[in-house]
Amino acid sequence: EPEVTQTPSHQVTQMGQEVILRCVPISNHLYFYWYRQILGQKVEFLVSFYNNEISEKSEIFDDQFSVERPDGSNFTLKIRSTKLEDSAMYFCASFRGGKGYGYTFGSGTRLTVV
Amino acid sequence: GENVEQHPSTLSVQEGDSAVIKCTYSDSASNYFPWYKQELGKRPQLIIDIRSNVGEKKDQRIAVTLNKTAKHFSLHITETQPEDSAVYFCAAVSGTYKYIFGTGTRLKVLA
């Protein structure tokens with residue numbers, strides 16, 4: 001079964017540093033997403049990406065965040081200057097579009113900002 | 001704004017009993033309602049979903065019901081087993097394919 005792959009699985013970074021989280025969505029999927037989950041809380045929408053541009057973003061997704069699909073396969077989330085409250089599990093998801101299919105989530109990147 | 005409420009937040013049942021988790025959504029444009037199971041430290045996994053033109057769907061021990069008028073949908077697990085223990089999330093999805101998740105239910109099945 002096709003998978004969404006995320007790397008790294010765990011990243012520890014100093015406050016103020018930039019991090020890039022990487023995702024390889026399923027190859028024939030058209031919609032791409034980043035979600036985050038603070039420990040013990042619900043999964044929160046960050047951003048959706050379709051047709052090489054952001055289609056929607058949440059209030060969480062401020063100027064410190066950016067996404068890219070640089071080469072047609074990777075889908076990256078960059079946090080420019082990390083804060084302690086950015087510590088969370090970040091999930092990438094992809095979706096083919098149309099009817100009858102749910103998202104496929106990646107296995108997540110646990111980001112710890114110290 | 002868009003919101004999905006989920007109850008209960010924790011649920012303990014004896015093995016073999018049924019478990020019911022309920023969600024209410026606010027966006028009347030929502031037309032797709034997936035349920036995810038998340039084991040500790042792992043990604044959410046889709047277990048069942050329902051579209052707005054259907055009132056009920058069943059897959060072995062798992063069923064989902066939808067009441068569009070009341071904006072309620074529920075997950076029913078029958079004959080629960082210890083391996084059903086996990087956190088379950090409902091979600092409501094509109095035409096933009098953005099998932100709004102509920103707050104999660106921690107289900108514990110006691111052997």
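Just so it is clear, the structure is predicted and the values come from calculations on it, not from any experiment. The sequence lines fix the lettering, A, B, ..., with proteins before strands; numbering per chain opens at 1.
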Colleague: Verify the neighbour count for atom CD of A:E85: are there more than 12 heavy atoms of other residues, nucleotides or ligands below 6.0 Å?
Modeller: yes
Colleague: Is it true that atom CD of B:E15 has more than 12 heavy atoms of other residues, nucleotides or ligands lying nearer than 6.0 Å?
Modeller: yes
Colleague: Evaluate the ring planes of B:Y99 and A:Y35, with Trp represented by its six-membered ring, and classify them as parallel (under 30°), tilted (30 to 60°) or perpendicular (over 60°).
Modeller: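 Perpendicular, since the angle between the ring planes exceeds 60°.
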Colleague: Answer with yes or no whether the hydrophobic clustering places B:W35 together with B:L107; edges join I, L, V, M, F, W, Y residues whose side-chain heavy atoms lie under 4.5 Å apart.
Modeller: yes
Colleague: Which atom pair, heavy atoms only, marks the closest approach of A:K42 to B:N3?
Modeller: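 Looking at all heavy atoms of both residues, the closest pair is NZ-OD1, 4.5 Å.
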Colleague: Assess whether atom NZ of A:K83 is packed by more than 12 heavy atoms of other residues, nucleotides or ligands within 6.0 Å.
Modeller: yes
Colleague: How long is the span from the CD atom in A:E44 to the CZ atom in B:F101, to the nearest 0.5 Å?
Modeller: 11.0 Å
Colleague: Answer with side chain, backbone, both or neither: which region of A:Q41 has an atom nearer than 4.5 Å to a non-hydrogen atom of chain B?
Modeller: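 When you check distances to chain B, only backbone atoms of A:Q41 fall under 4.5 Å.
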Colleague: Sort B:Q45 into side chain, backbone, both or neither according to what part of it lies under 4.5 angstrom from a heavy atom of chain A.
Modeller: neither
Colleague: Below 4.5 Å from any heavy atom of chain B, which atoms of A:S107 appear? Answer side chain, backbone, both or neither.
Modeller: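 For A:S107, the contact with chain B is made by backbone and side chain together.
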Colleague: Kindly confirm or rule out a cation-pi arrangement of B:K98 over A:F45, judged by NZ or CZ under 6.0 Å from the six-membered ring centre and within 45° of its axis?
Modeller: yes
Colleague: Measure distances from A:Q37 to the heavy atoms of chain B and classify the residue's part below 4.5 Å as side chain, backbone, both or neither.
Modeller: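 Just its side chain gets close to chain B.
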Colleague: Do A:V24 and A:Y31 share a hydrophobic cluster (ILVMFWY, side-chain heavy atoms under 4.5 Å, transitive)?
Modeller: no
Colleague: Determine whether A:Y103 and B:Y36 satisfy the following criterion, ring pair (Phe, Tyr, Trp, His ring centres under 6.0 Å), listing intermediate values before the conclusion.
Modeller: CA-CA 10 Å; A:Y103 283 176; B:Y36 283 82; 7.3 Å; no
Colleague: How many angstroms lie between OG in B:S94 and CD in A:E56, if you round to the nearest 0.5 Å?
Modeller: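 Reported to 0.5 Å precision, the distance equals 7.0 Å.
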Colleague: Just wondering, more than 12 heavy atoms not from B:R106 lying within 6.0 Å of its CZ?
Modeller: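 Incorrect, the count does not exceed 12.
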Colleague: I'd like to know if A:I26 and A:F91 are part of one continuous hydrophobic network [Ile/Leu/Val/Met/Phe/Trp/Tyr, side-chain heavy atoms within less than 4.5 Å].
Modeller: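 No, A:F91 and A:I26 fall in different hydrophobic clusters.
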Colleague: For atom CG of A:D63, is the number of surrounding heavy atoms from other residues, nucleotides or ligands below 6.0 Å larger than 12?
Modeller: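 Not buried by this count: 12 neighbours or fewer within 6.0 Å.
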Colleague: In terms of heavy-atom proximity below 4.5 Å to chain A, should B:P34 be classed as side chain, backbone, both, or neither?
Modeller: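 The answer is neither part of B:P34.
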Colleague: Taking atom NZ of B:K22 as the centre, report whether more than 12 heavy atoms of other residues, nucleotides or ligands fall under 6.0 Å from it.
Modeller: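 It does not: B:K22 NZ has 12 such atoms or fewer within range.
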Colleague: Between B:Y97 and A:Y33, is the ring centre distance below 6.0 Å?
Modeller: no
Colleague: Roughly how far, to the nearest 0.5 Å, is the CD atom of A:E3 from the CZ atom of B:R43?
Modeller: 5.0 Å
